[in-house]
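Here the structure is a predicted model, which is why all the values come from computation and not from measurement. Convention: sequence-line order gives letters A, B, ...; per-chain numbering from 1.
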Amino acid sequence: MGLAKRIIPCLDVENGRVVKGVNFVDIRDAGDPVEIAMRYNEQGADELCFLDITASHEGRDTTVHTVEQIAEHVFIPLTVGGGIRAVDDIRTMLNAGADKVSINTAAIHNPELVRESAQRFGSQCIIVAIDAKRVDDVEGQPRWEIFTHGGRKPTGIDAVAWAVRMAELGAGEILLTSMDRDGTKNGFELGVTRAITDAVEIPVIASGGVGTLDHLVDGVIQGGADAVLAASIFHFGEYTVPQAKAYMAEHGIEVRQ
Amino acid sequence: MTGIVAVIDYGMGNLHSVASALEHVGASEVVVTHDADVIRQADRVVFPGVGGIRDCMSEIRRLKCDELLTQALTEQQVPVLAICVGLQALMSRSEENDGVDCLDTIPGEVRYFGKPLTDAEGSRLKVPHMGWNEVHQTMNHPLWAGIPDMTRFYFVHSYYAHAWDRSLLAGSVQYGVNADAALARDNLFAVQFHPEKSATAGLRLLKNFLEWNGQC
C-alpha cells in the first residue's frame with residue numbers, strides 16, 4: 001500500500017457558473033461552483049480543478065471571488081487554471097486560496113514563466129497544462145502536437161518533448177488533455193498519456209474523454225497516470241466519486257476511500 | 001476557548017488556507033503575522049511553509065521568526081504545530097538548494113527522495129510525492145485522537161525529513177523510503193503533510209491541536 005491514485009473532478013467555470021463544453025463548443029449550464037465543489041468534497045474527491053473559461057476582464061474578478069469562496073469551504077487541494085499569463089496572475093490565484101495554478105498557453109509563449117514561477121512559489125504549485133492532438137508522421141508513427149485556442153491552432157511543438165522541457169523548467173505536475181477526446185466520452189488517448197508519464201519524473205493528470213468508469217481504470221493502468229480528471233460524468237450525476245473509487249479499487253488501483 | 005492562534009508569516013506563500021481551516025474547526029481568533037508582540041501573546045503557534053528551503057530560511061532569519069519560534073517553544077511553552085516546510089526548517093540541515101543549514105530544533109536531516117525512486121515491487125515512483133498517502137502512527141499522541149492508524153493525508157514534497165532521535169517519531173510514511181511524516185517533542189508537533197488540505201482527517205488533527213494542552 002502507498003500513495004493513492006487521485007480522482008479530480010473538474011469544474012469549467014464561465015462568469016461564475018460551472019459549464020461543460022463538448023469539444024469546447026456546446027455549453028450546458030451545470031450549476032453553482034461553490035455548491036458543486038462542496039458536493040465533490042463531501043463525496044471524497046481527492047482534489048478539485050477549476051478551469052476558468054471566462055473571456056472578459058470583469059468576469060475574471062468574479063473568478064477570484066469564487067476561488068475565495070471555495071477555499072473557505074473546501075479543505076482539499078484546489079487547482080485553478082485558465083487565463084494565467086503572468087506571475088501576478090499566479091500570485092492573485094494563490095492568495096485567493098488556490099493551492100496550484102495551471103499554466104497553458106502562457107507557457108508556450110513564454111516558457112521562462114514556468115521557471116520563474118516555480119522558483120518564486122515552488123514547483124508544487126505550478127502545473128503545466130498540455131492540450132495535445134494526434135498528428136501522425138509520414139510513416140504513420142504516432143506523434144502528438146500541442147494545440148492552442150481550444151484545439152484550433154497548431155504550434156508545431158511535440159507534446160512529449162514539451163512535457164520533458166516543462167518538468168526541467170520546474171513544473172511540479174503535468175495536466176494532459178487530449179483534444180481529440182475531450183468531450184467525446186470515448187476515453188483518454190492512452191498513447192500520449194503513456195508516452196508522457198514514461199518520459200517525465202513528475203506526476204501526470206490524465207484528462208479529456210472520460211465517459212465510463214473503465215476509462216478511469218485505463219488511464220491509470222494503461223496510461224500510467226497518477227491522477228484522472230473528469231467533468232461531465234460527475235456533473236450530470238452519471239457516477240459519483242465513491243462509485244468511481246470503488247470501481248478503481250476493484251481493478252486493483254489504490255485509492256483513498 | 002482556543003485563545004489566539006498565531007500563524008507565523010514569513011512571506012513564503014499563501015497562509016489563507018491554514019487560517020481558514022483553523023477557523024473552520026473552531027479557532028476563535030487566528031492571526032497571520034510575523035509581529036513579535038502578537039506572537040508573544042498567542043496561546044498557540046502554527047509554523048507553516050511552502051517553497052524552497054533556502055528562501056524560506058533566509059526569510060525566517062531576516063524576520064527573526066527563528067527567535068519567535070524558540071521563544072514560543074521554550075519560554076511561552078505554548079502548543080506549536082509545524083507544517084510541511086515548517087517541519088523541514090526545524091531539522092539541522094537540508095539537501096535542497098545545494099545544502100542549507102536549518103534551525104536544528106530537531107536534530108536530523110532533510111533528504112531528496114532520490115532518482116530513480118522505486119517502490120518495494122520495483123515500480124517507478126514520481127517526485128514530488130504528491131497526493132494522499134497512509135500515515136502510520138508510531139506514537140500515541142493527543143493530536144492523533146479520533147484518527148485511525150493508516151489514515152491518508154495529503155502530501156506534496158520532494159524532500160523528506162529524518163530525525164536522528166527516533167523516539168521523536170510520531171508518524172511515518174512509505175514512499176520508496178521510510179519518511180518521517182510527523183515528529184513530536186514536548187509542546188511541539190510537526191507534520192510533513194498538509195492537514196489544512198487533508199479533508200476530514202486533517203480538520204480533525206487541527207481540531208485536536210486547538211484542544212491540546214501541549215503535553216504528550
Side-chain angles (χ1 to χ4, degrees), chain A residues 1-8 41-48 67-78 90-100 118-125 127 167 170-174 197-198 200-205 224-227 254-257, chain B residues 12-25 49-56 84-85 96-97 113 115-117 119-121 123-134 136 150-158 173-176 194-203 206:
Chain A
M1 299 299 274
L3 191 66
K5 301 295 180 185
R6 289 167 282 153
I7 293 190
I8 309 176
N41 179 44
E42 283 156 21
Q43 285 187 6
D46 297 310
E47 287 185 33
L48 289 173
V67 172
E68 284 171 348
Q69 284 183 296
I70 293 177
E72 259 172 46
H73 292 96
V74 174
F75 300 101
I76 56 175
L78 174 65
I90 298 171
R91 184 182 295 111
T92 300
M93 287 307 174
L94 295 177
N95 285 338
D99 298 288
K100 314 180 199 179
Q119 273 173 4
R120 188 162 310 185
F121 305 108
S123 288
Q124 82 290 339
C125 64
I127 297 183
E173 197 168 24
I174 298 286
T197 54
D198 283 349
V200 297
E201 296 287 336
I202 58 178
V204 175
I205 306 167
D226 301 280
E254 193 161 353
V255 292
R256 162 182 165 254
Q257 284 177 308
Chain B
M12 286 300 293
N14 163 45
L15 306 177
H16 171 97
S17 53
V18 177
S20 73
L22 286 162
E23 282 163 358
H24 187 83
V25 294
V50 289
I53 194 73
R54 182 176 298 278
D55 289 349
C56 279
C84 193
V85 177
E96 191 178 359
N97 305 132
F113 266 115
K115 225 181 222 183
L117 186 70
D119 66 14
E121 284 87 47
S123 306
R124 193 175 60 137
L125 297 172
K126 300 293 185 81
V127 177
H129 174 221
M130 186 185 285
W132 299 80
N133 207 339
E134 294 165 319
H136 174 43
M150 303 308 276
T151 294
R152 290 182 187 275
F153 287 89
Y154 188 83
F155 289 83
V156 49
H157 59 129
S158 299
V173 64
Q174 282 292 334
Y175 194 66
H194 287 270
E196 77 282 9
K197 289 289 155 189
S198 295
T200 318
L203 292 174
L206 292 176

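- Within the 4.5 Å cutoff, the side chain of A/D226 has heavy atoms near those of the B/K126 side chain.
- Salt bridge annotation for A/E254-B/R152: present, with a cationic side-chain nitrogen under 4.0 angstrom from a carboxylate oxygen.
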With side chain to side chain contact (heavy atoms under 4.5 Å, CB included) as the criterion, how do B/V156 and A/Q124 come out once you've worked through the C-alpha distance, each side chain's angles and the decisive distance to 0.1 Å? CA-CA 7 Å; B/V156 49; A/Q124 82 290 339; 3.3 Å; yes
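- For the set A/V204, A/N41, A/V200, the entry with the most heavy-atom pairs within less than 4.5 Å of chain B is A/V200.
- Contact tally against chain A (heavy-atom pairs below 4.5 Å) for B/Q174, B/E196, B/M150: the top residue is B/E196.
- The contact between B/D55 and chain A is made entirely by side chain atoms (from C-beta outward), counting heavy-atom distances below 4.5 Å.
- B/P195 is not listed as a side-chain neighbour of A/F75, based on a closest heavy-atom distance of 4.5 Å or more.
- Contact count versus chain B (heavy atoms, under 4.5 Å) is highest, among A/Q257, A/H73, A/R91, A/K100, for A/K100.
- The candidate with the highest count of non-hydrogen atom pairs below 4.5 Å against chain A, out of B/H129, B/E23, B/H24, B/H157, is B/H24.
- Highest contact tally toward chain B, considering only A/P77, A/C125, A/G97, is held by A/P77 [criterion: heavy-atom pairs under 4.5 Å].
- Counting heavy atoms from C-beta outward, A/E173 and B/M130 have side chains that approach closer than 4.5 Å.
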Evaluate side chain to side chain contact (heavy atoms under 4.5 Å, CB included) for A/N95 paired with B/H16, printing each intermediate quantity in order. CA-CA 7 Å; A/N95 285 338; B/H16 171 97; over 6 Å; no
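- Looking at B/K197 and A/D99, their side chains come closer than 4.5 Å, going by heavy atoms from C-beta outward.
- The backbone N or O of A/R6 sits nowhere less than 3.5 Å from a side-chain atom of B/W132 that would complete a donor-acceptor pair.
- The residue among A/A96, A/G122, A/A4 with the most heavy atom pairs within less than 4.5 Å of chain B is A/A4.
- No other option in A/K5, A/E72, A/R120, A/E47 has as many heavy-atom pairs under 4.5 Å with chain B as A/E47.
- Between A/P203 and B/P128 the shortest side-chain heavy-atom distance falls below 4.5 Å.
- Of the residues considered (A/T197, A/L78, A/V74), A/T197 shows the highest number of contacts with chain B, using heavy-atom pairs under 4.5 Å.
- In this structure, A/R256 CZ and B/S198 OG are separated by 8.0 Å, a value rounded to the nearest 0.5 Å.
- With a 4.5 angstrom heavy-atom cutoff, A/A98 touches chain B only via backbone atoms.
- Taken to the nearest 0.5 Å, the CG atom of A/L94 stands 10.0 Å off from the OG atom of B/S17.
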